[in-house]
Structure formats: C-alpha cells, structure tokens
Amino acid sequence: MTDVQLTKDSKELLAIIYKEYLDQINNGKSKSDAKLFGGSDTVCELANDWLKDDIVETMRELDRAGFINNFEADNTIHFSNILDKTIVYFENKNLNNLKSVAEWILKLK
C-alpha cells in the first residue's frame with residue numbers, strides 16, 4: 001500500500017489522536033467508544049505544544065482526507081471521531097501499540 005497524501009503535520013496529529021484511541025482501549029473502553037473524542041479543545045490537550053488554530057486547520061485537513069469526521073460550529077470543531085481508514089492506516093504500518101505509535105511520532109518531528 002502506498003503512503004497516503006498527508007502533510008507531515010497531519011500525520012503527526014493523526015498519530016497523536018490514534019495514540020489516544022489506543023490508550024482508551026487499553027483503559028477498558030470499547031472500540032466504538034474509543035473512536036469518539038472531543039473537538040479541537042480535547043486535541044489541544046493532547047498536543048499542547050501546537051497552536052489551537054493549527055490544530056483546527058489540521059483536523060479539517062484530516063477530515064477532508066477521510067481520516068476523521070468533524071462536527072463544526074462557530075468556526076471551531078466541537079466533536080470528532082476516528083474513521084476506520086485511520087485504524088487501517090496505522091495497522092498497515094504495524095503501529096498497533098502505544099510505544100510504536102509514540103516512537104513513530106518522534107521520528108516525524
């Protein structure tokens with residue numbers, strides 16, 4: 001499978017979101033519940049070294065690429081969920097656990 005066309009920032013933010021998905025599963029959440037996460041404010045907590053405007057724009061890019069689904073209102077993202085394409089993307093890279101995803105994120109920086 002060829003690599004999808006995502007910016008470096010999009011790959012990094014997607015990995016941060018996917019890492020949170022795996023963490024939620026490891027903490028006993030069902031897969032369907034773990035796919036659901038808050039909006040840009042929640043992602044700001046996960047990627048606290050990013051500017052909020054950059055997170056919102058990158059989340060929009062991930063939505064346009066079909067990796068997450070955003071619910072927007074008042075020029076911000078209030079709610080998002082991971083789509084199956086995201087899980088397949090990371091499984092195809094053999095990034096199936098928190099450690100491997102964290103290491104991959106570091107390589108992107």
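No experiment lies behind these values; they were computed from the predicted model shown.
Proximity of L13 to V43: side-chain heavy atoms (C-beta onward) are separated by under 4.5 Å at one or more points. The shortest side-chain heavy-atom distance between W50 and E12 falls under the 4.5 Å cut-off. Residues F90 and L22 fail the side-chain proximity criterion, which asks for heavy atoms closer than 4.5 Å.
Note on residues 27-37: pairs passing salt bridge (Lys or Arg N to Asp or Glu O under 4.0 Å), not counting sequence neighbours, are K35-D84.
By the side chain to side chain contact (heavy atoms under 4.5 Å, CB included) test, R64 pairs with E57, R60, E61, sequence neighbours left out. Contacts of T42 classified as side chain to side chain contact (heavy atoms under 4.5 Å, CB included), with partners at least two apart in sequence or in another chain: none. Among residues two or more places apart in sequence or in another chain, the side chain to side chain contact (heavy atoms under 4.5 Å, CB included) test is passed with D41 by K52. In this structure L6 satisfies the side chain to side chain contact (heavy atoms under 4.5 Å, CB included) test together with V4, S10, K11, L14, L62, A65, F67, sequence neighbours excluded.
Under the 4.5 angstrom side-chain criterion for Ile, Leu, Val, Met, Phe, Trp and Tyr, the cluster partners of F71 are L36, F79.
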*Kindly indicate, with the supporting measurements, whether the criterion side chain to side chain contact (heavy atoms under 4.5 Å, CB included) is fulfilled by I87 and Y21.*
CA-CA 9 Å; I87 298 165; Y21 162 79; 3.4 Å; yes
*Apply the test side chain to side chain contact (heavy atoms under 4.5 Å, CB included) to residues D23 and K19: give CA-CA distance (whole Å), side-chain angles for both, the deciding distance (0.1 Å), then the verdict.*
CA-CA 6 Å; D23 190 45; K19 184 175 174 284; 5.7 Å; no
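Nearest heavy-atom pair, I55 versus S40, reported as atom, atom and distance to 0.1 Å: CG2-O, 4.2 Å. Among all heavy-atom pairs drawn from A47 and I16, the shortest one is CB-CD1, 4.0 Å. Of all non-hydrogen atoms in S80 and M59, the two that sit nearest each other are OG-CE, 3.2 Å.
A donor-acceptor pair under 3.5 Å is absent between the side-chain atoms of D9 and the main chain of T58, judged by distance alone. Remark: the backbone N or O of D63 is not paired with any side-chain donor or acceptor of N70 at under 3.5 angstrom.
In this structure, CD1 on I68 lies 15.5 Å from OH on Y18, to the nearest 0.5 angstrom. With rounding to the nearest 0.5 angstrom, the SG atom of C44 is 10.5 Å from the CG atom of D49.
Residues I25 and L83 do not share a hydrophobic cluster, defined by chaining ILVMFWY side chains whose heavy atoms lie under 4.5 Å apart.
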